[in-house]
Peer 1: 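Before I ask anything, here is the structure I am working with.
Residue numbers run from 1 in the order of the sequence given. Order of appearance sets the numbers: ligands from 1, and atoms from 1 within every ligand.
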Amino acid sequence: MFGPPGAGKGTQAELIEKKFGAVHISTGDILREAVANGTEIGKLAKSYMDRGELVPDEVVIDIAIAKLQEIGDSGFLLDGFPRTVAQAEALDKALSASGIPLDTVISLNVPEEEIVRRLSGRRVCTECGAIYHIDSIPDGTLNCLLCGGKLIQRADDNPESIRNRLRVYDEQTSPVLDYYRGRGILVEINAVGTVEEVFCRLMEALCSDKA
Ligand code: ADP
Ligand code: AMP
């Protein structure tokens, strides 16, 4: 699942996971957990993540491939990986070695002003990872409506890091879309609209793609 930061990848991935039971693999979530646990990888990743830069390929590739191996034969949904052509090539290699096909690559398309609005108002639950937007929850909500955990603003959801992540997406991740477009498996979705509207478009695209 591709799309600039804030396009709604995590939000839609939660819904896809619920509907199809595919394991949701978010390299961003794995890295944030490493940062929170103070592991060596977390310490290394933190400075890149805070600035909105990409964590080096060799680190992220190892993490993502290890996770794929851990889940074995289950269906999966990759969110935020691959983000560079080198990562896409490493993924291809790992998947073909295991005989697992990559069925579909989705790109969620959202204009920049809406991205900035979504990221500035994003709140996430520290316990269950649920994603909210301040415009969609009652004023003054401090706790997760699902599990009661604390809602926080991500360290990288500040104006400077947001600008940098958008630049990094254009420069380093857009070429990955061309890589998959060339293979005919890229599906582009208009991701402006309510969460439910975008999910319906995704379902239509995924189902017609599999037909
Ligand atoms: P990503 O994983 O692509 O960075 P998220 O799923 O975390 O994006 O969503 C970013 C922010 O946008 C969150 O605050 C989320 O609640 C909000 N959001 C997601 N989808 C929509 C949508 N269709 N319309 C409005 N806001 C949305
Ligand atoms: P995300 O949660 O997908 O928005 O990712 C948050 C941050 O984690 C990014 O800005 C990067 O610093 C880092 N990150 C996540 N996935 C990758 C990846 N595939 N390659 C490099 N860095 C990544």
Peer 1: Show the atoms of ligand 2 that are less than 4.0 angstrom away from any heavy atom in G28.
Peer 2: 2 (O), 5 (O), 15 (C), 16 (N)
Peer 1: Just verifying a value: how many Å separate F20 CZ and S74 OG, rounded to the nearest 0.5 Å?
Peer 2: 15.5 Å
Peer 1: Starting from atom 16 (N) of ligand 2, what is the nearest protein heavy atom, named by residue and atom, and what distance separates them?
Peer 2: T27 OG1, 2.8 Å
Peer 1: Tell me, yes or no, whether the heavy-atom count around E112 atom CD, taken from other residues, nucleotides or ligands under 6.0 Å, exceeds 12.
Peer 2: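 Count not over threshold, so no.
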Peer 1: Identify, with sequence neighbours excluded, every residue that meets side chain to side chain donor-acceptor pair (under 3.5 Å) alongside R123.
Peer 2: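 In terms of side chain to side chain donor-acceptor pair (under 3.5 Å), with neighbours along the sequence ignored, R123 is linked to no residue.
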Peer 1: Taking only heavy atoms of R32 into account, list the atoms of ligand 2 that are under 4.0 Å away from them.
Peer 2: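 Going through ligand 2 atom by atom, the ones under 4.0 Å from R32 are 2 (O), 6 (C).
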Peer 1: Looking only at protein heavy atoms, which one is nearest to atom 4 (O) of ligand 2, and how far off is it?
Peer 2: R154 NH2, 3.1 Å
Peer 1: Counting only nitrogen or oxygen atoms and a 3.5 angstrom limit, does L54 reach ligand 2?
Peer 2: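 The answer is no, given that L54 and ligand 2 share no N or O pair closer than 3.5 Å.
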Peer 1: Is it true that K93 and E89 have a side-chain N and a carboxylate O under 4.0 angstrom from each other?
Peer 2: no
Peer 1: Output all residues satisfying side chain to side chain donor-acceptor pair (under 3.5 Å) with T11, sequence neighbours left out; order by chain, then residue number.
Peer 2: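 Expected list: none.
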Peer 1: Closest non-hydrogen protein atom to atom 12 (O) of ligand 2, residue and atom name please, with distance?
Peer 2: E53 O, 2.6 Å
Peer 1: Tell me which protein heavy atom sits closest to atom 20 (N) of ligand 2, plus the residue, atom name and distance to 0.1 Å.
Peer 2: Q87 NE2, 2.9 Å
Peer 1: Considering heavy atoms of the protein only, find what lies nearest to atom 14 (N) of ligand 2 and give residue, atom and distance to 0.1 Å.
Peer 2: L31 CD1, 3.5 Å
Peer 1: Which atom names give the shortest non-hydrogen contact between D29 and R32, and what distance separates them?
Peer 2: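 What the structure gives for the nearest pair is OD1-NH2, 2.8 Å.
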Peer 1: I'd like to know whether CD of E160 has more than 12 heavy-atom contacts from other residues, nucleotides or ligands below 6.0 angstrom.
Peer 2: no
Peer 1: In Å, rounded to the nearest 0.5 Å, how long is the span from CD1 of I115 to CG of L166?
Peer 2: 6.5 Å
Peer 1: Taking the minimum heavy-atom distance to atom 5 (O) of ligand 2, which of M49, R165, R83 ranks first?
Peer 2: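 Shortest heavy-atom distance from atom 5 (O) of ligand 2: R83.
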Peer 1: Does atom CD (E171) have a neighbourhood of more than 12 heavy atoms from anything else shown, all under 6.0 Å?
Peer 2: yes
Peer 1: Indicate, as side chain, backbone, both or neither, the part of V60 found under 4.0 angstrom from ligand 2 when only non-hydrogen atoms are considered.
Peer 2: side chain
Peer 1: List, ordered by chain and residue number, the protein residues whose closest non-hydrogen atom lies under 4.0 Å from any atom of ligand 1.
Peer 2: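 Heavy-atom contacts below 4.0 Å: P4, P5, G6, A7, G8, K9, G10, T11, R117, R118, R122, I131, Y132, H133, G193, T194, V195, V198.
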Peer 1: Enumerate donor-acceptor pairs with a distance under 3.5 Å from any side-chain N or O in residues 61-71 to protein atoms, sequence neighbours excluded.
Peer 2:
{"unit_1": "K67", "atom_1": "NZ", "unit_2": "E70", "atom_2": "OE2", "d": "3.4"}

Peer 1: Can you tell me if Q87 uses its side chain to pair, donor with acceptor, with the backbone of R83 under 3.5 Å?
Peer 2: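 Yes.
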Peer 1: Considering heavy atoms of the protein only, find what lies nearest to atom 22 (N) of ligand 2 and give residue, atom and distance to 0.1 Å.
Peer 2: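 In this structure, atom 22 (N) of ligand 2 has V55 N, 3.0 Å as its nearest protein heavy atom.
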